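Every heavy atom of this structure was used, including side-chain atoms; hydrogens, water molecules and symmetry mates were not. Each chain gets a letter, A, B and so on, in the order the sequences are listed, and its residues count up from 1. Every value quoted in this text rests on a predicted model; they were computed, and no experiment measured them.
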Amino acid sequence: MQIDVSGNPVELADGATCAEALQEGLSKKQFKKVVVAKCGETLLDLSTVVPTPCTTLEPVFADSEEGLEIIRHSTAHLMAEAVKKLFPTAKVTIGPSIKEGFYYDFDYERPFTPEDLEAIEKEMLSSVGANKEFSCKTVTPDEARKFFADLGEDYKQELIDDLGADEYSIYTHGDFADLCRGPHVARTGMIKAFKLLSVAGAYWRGNEKNKQLQRIYGTAWQDPKALKQHLHRLEEAKKRDHRKLGTQLDLFSFNDEVGPGMALWHPRGMLLRAILEDFERKEHLKRGYDLVQGPLILKRELWEKSGHYDNYRENMYFTEIDEQAYGIKPMNCLAHMVIYKRKIMSYRDLPQRYFELGVVHRHEKSGVLHGLMRVRTFTQDDAHLICRPDQIEKEILDLMQFYSDIYSLFGFDFDVELSTRPEKSIGSDEDWEVATESLRQALDKSGMGYTINEGDGAFYGPKIDFHLTDSIGRSWQCGTIQVDFTLPERFDIVYVGEDGNRHRPVMIHRAMLGSIERFIGVLTEHCAGAYPVWLAPVQARIMNVTDAQGEFVEKVQAFLKGKGIRVEADVRNEKLGYKIREAQVEKVPFMLVIGDKEVESGCVNVRVREGEDPGMVTLEEAAQLILDAARAPFEAGGMSYSFSG
RNA sequence: GCCAGAAUAGCUCAGUUGGUAGAGCAACUGAUUCGUAAUCAGUAGGUCCGGGGUUCAACUCCCCGUUCUGGCUCCA
């Protein structure tokens, strides 16, 4: 097939993929245009494209991101058409494609039920069968306004007013027309695989104060096979859900009697957590932090001074004794400030770096709680760096390296986001300038890719956030670095400069894992419960074949314990297969089998959680295997393995 | 907090148009002494989330709470 884009002839084989098109020198945008052009003549402003008839759509671009986007967006239109047909009084609002699917928000008198979804899906299929053509026309703002006014679609009119464009495109297929930027597939018959997934409430334009709409989520793919794979992936992801694994591996639980959003850590889970916390303390000490700790509750006056009492009170717990004389801390900074003020600091003393695994309580709205990811009692791996303004950049740069080292150790990919000054903010222009520039410089120097979130900083300073992804692609903010201008001011903390005068230091709040709870939640899903050997609460389990090996089992256990290995023995009167299965389900990394043969030779037979079994080895070798496995990720990351069980 | 759905044994779940509950696994007891993902038999275990209401009768229907799940908003 030959296409002409902006006067550049391009030769593409039939069924060319997006990647091939890119190689031929087409930009993604151009290719998208070309593909759409090939699918139908009137879909875009195609003055620069010579369209050719298109017979099939999917081989050309369905494997590309753009292709899926078009399919999904078109499916959203298809759904809106079906909803309007079945529920004529429903008003349409917006319906974009999203990661792995699409949604459409409707204003309707009652919520949609699962049965409604089935009916809608059926209606959509019939529209697919009718193979209706998508067409597009460009209109003026007035024409667009009138068009949707006649249809009674007031949300669309509001959009037109807000967008303020010179002209608008309206896409039509069958009887359904929608204000839309496009592009779309040429005909509804090209939508080959979709499924409606769920209904949820969503506020118009994402604002809590606006009317709540009915959102229908769905997913769409290039072919039924891809759809099936996607649904299968969702099923698989459910198995990695940390809440499920928490029960299965007996790590933690939640209990209504205790309170919502408050985890109970079982022996195994707490052991894992303790190892992680121990690791963190040592890593922080290594990098020049001081360990500190303040109390869980602090006098109300202090919260008034910091501004939390005025701005954050509804999220805080208070003691009832002495009429709210004490506030239960929702963050750790106040005690750290007071600790800083214990003596006169010189510029030579800066930066001060205070680290605390601080337990905080925040009364989060009930609807947001989610396993370990969002709780009301949690532990932050929190630190406050109090430094001179000229030290910000260096400190940030060190932090970037620190975070990166640690995330990599766990095998996480992460997104970095820089958030700048919001509309409502305090602090001088100069402060913001210096702080934001320091963050930007450090980010640039670190070589990490990052996105900028304009105006999304805290009111007291700019920040950098680090996001880790859970098993089903939800992204969770874990690490954060925030510059703060207010607290040093409010608490009047100072240092004595070279000039002998008092100066105001800058304060950096930062948490690396974010919260221990959330991090363990994300990590659990990341590794599906098969924790790295250095973290696994049980590193090795010894199992005997019959009672006859009891004595040797004890000997082996004592030996491995002596090497600092977390080992337990399963000497129940059960078949070996049963014990193996149980250990495998519990994701114990090393299974050491002992039968008569092993007793005789003084060896153990090693089976591993995944990969090839080492088989028969001496005790010395077995211990080495386990210790090496524990050390491996540290060595790969150029770090030292700094602790034992 | 808002919208929707859910809550039955330690865990995972059945429970037909209203007639006071069942399975598998786990636990306990006994038999079995066995070689890499589930040995057999028996026993015990429930205020069916809580509180009201309708009914001769409620796990089941209605109302109000609580908690959980999926979203929205917010956030580590």
Any base atoms under 4.0 Å from [X], or only sugar-phosphate, or nothing? Heavy atoms, all strands.
X	value
Asp382(A)	nothing
Gly261(A)	sugar-phosphate
Val360(A)	nothing
Lys579(A)	nothing
Gly201(A)	base
Gly206(A)	sugar-phosphate
Leu369(A)	sugar-phosphate
Glu574(A)	base

Counting only side-chain heavy atoms from C-beta out, which of [options] sits nearest to [X]?
X	options	value
Ser366(A)	C34(B), A37(B), G1(B)	G1(B)
Arg581(A)	A76(B), A38(B), G1(B)	A38(B)
Arg362(A)	C72(B), A76(B), U33(B)	A76(B)
Thr546(A)	A76(B), U33(B), G35(B)	U33(B)
Asp256(A)	C3(B), A37(B), U67(B)	U67(B)
Pro260(A)	G1(B), C68(B), A37(B)	C68(B)
Gln214(A)	C75(B), G71(B), C3(B)	C3(B)
Arg518(A)	C72(B), C75(B), C3(B)	C75(B)
Arg572(A)	G1(B), A27(B), A38(B)	A27(B)
Tyr578(A)	A38(B), G35(B), G71(B)	A38(B)

Distance, [atom1] atom - from [M] to [N], rounded to whole angstrom:
N	M	atom1	result
A23(B)	A14(B)	P	16 Å
C25(B)	A21(B)	P	23 Å
U47(B)	C72(B)	C1'	37 Å
C13(B)	C56(B)	C1'	33 Å
G45(B)	C28(B)	P	16 Å
A44(B)	G15(B)	C1'	22 Å
C61(B)	U17(B)	P	11 Å
C48(B)	A7(B)	P	15 Å

Assigned partner base of [N], Watson-Crick or wobble definition, under 3.5 Å:
N	result
U54(B)	none
A41(B)	U29(B)
U73(B)	none
U67(B)	A6(B)
G22(B)	C13(B)

task = Starting from the C-alpha separation in whole Å, work towards a yes-or-no answer on side-chain contact (heavy atoms from CB on, under 4.5 Å) for Lys463(A) and His509(A).
result = CA-CA 9 Å; Lys463(A) 62 173 184 171; His509(A) 309 254; over 6 Å; no

task = Determine the interplanar angle of the Trp221(A) and His230(A) rings, folded into 0 to 90°, and report it as parallel if under 30°, tilted if 30 to 60°, perpendicular if over 60°.
result =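 Rings of Trp221(A) and His230(A): tilted, as their planes differ by 30° to 60°.
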
query = Aromatic rings Tyr104(A) and His77(A): how do their planes relate, parallel, tilted or perpendicular, breaks at 30° and 60°?
reply = perpendicular

Side-chain donor/acceptor of [X] to base of [N], under 3.5 Å:
X	N	answer
Gln212(A)	G1(B)	no
Tyr203(A)	G71(B)	no
Asn605(A)	U36(B)	yes
Asp547(A)	U33(B)	yes
Arg110(A)	C3(B)	no

Rounded to the Å, how far apart are [X] [atom1] and [N] [atom2]?
X	N	atom1	atom2	value
Leu213(A)	U73(B)	CG	P	11 Å
Asn311(A)	C75(B)	CG	C1'	16 Å
Ile520(A)	A76(B)	CD1	C1'	14 Å

task = Please determine if Arg72(A) and Glu100(A) form a salt bridge, counting it only when a charged side-chain N lies under 4.0 Å from a carboxylate O.
result =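 Looking at Arg72(A) and Glu100(A), the cut-off is not met.
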
ask   = So, Lys239(A) and Glu235(A), do they make that salt bridge, N to O below 4.0 Å?
value = no

Counting just side-chain N and O atoms, does [X] come under 4.0 Å of either OP1 or OP2 of [N]?
X	N	answer
His370(A)	G70(B)	yes
Tyr217(A)	C72(B)	yes
Gln477(A)	A76(B)	yes
Thr247(A)	C11(B)	no
Arg243(A)	G70(B)	yes
Arg205(A)	C72(B)	no

message = When you compare the side chains of Gln380(A) and Asn332(A), does any donor N or O come within less than 3.5 Å of an acceptor on the partner?
response = yes

task = Indicate yes or no for a side-chain donor-acceptor contact from Thr377(A) to the backbone of Met262(A) under 3.5 Å, with no hydrogens or angles considered.
result =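 Not a single qualifying donor-acceptor pair exists.
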
task = Would you please test Phe318(A) and Tyr309(A) for ring-ring contact (aromatic ring centres under 6.0 Å, His included) and show each step?
result = CA-CA 11 Å; Phe318(A) 289 91; Tyr309(A) 194 77; 5.7 Å; yes

ask   = Does the ring of Phe378(A) lie flat against the base of A76(B), closer than 5.5 Å centre to centre with planes under 30°?
value = yes

Partner of Arg353(A) under side-chain hydrogen bond (donor to acceptor under 3.5 Å, both in side chains), chosen from His384(A), His336(A), His284(A), Glu395(A) = Glu395(A)

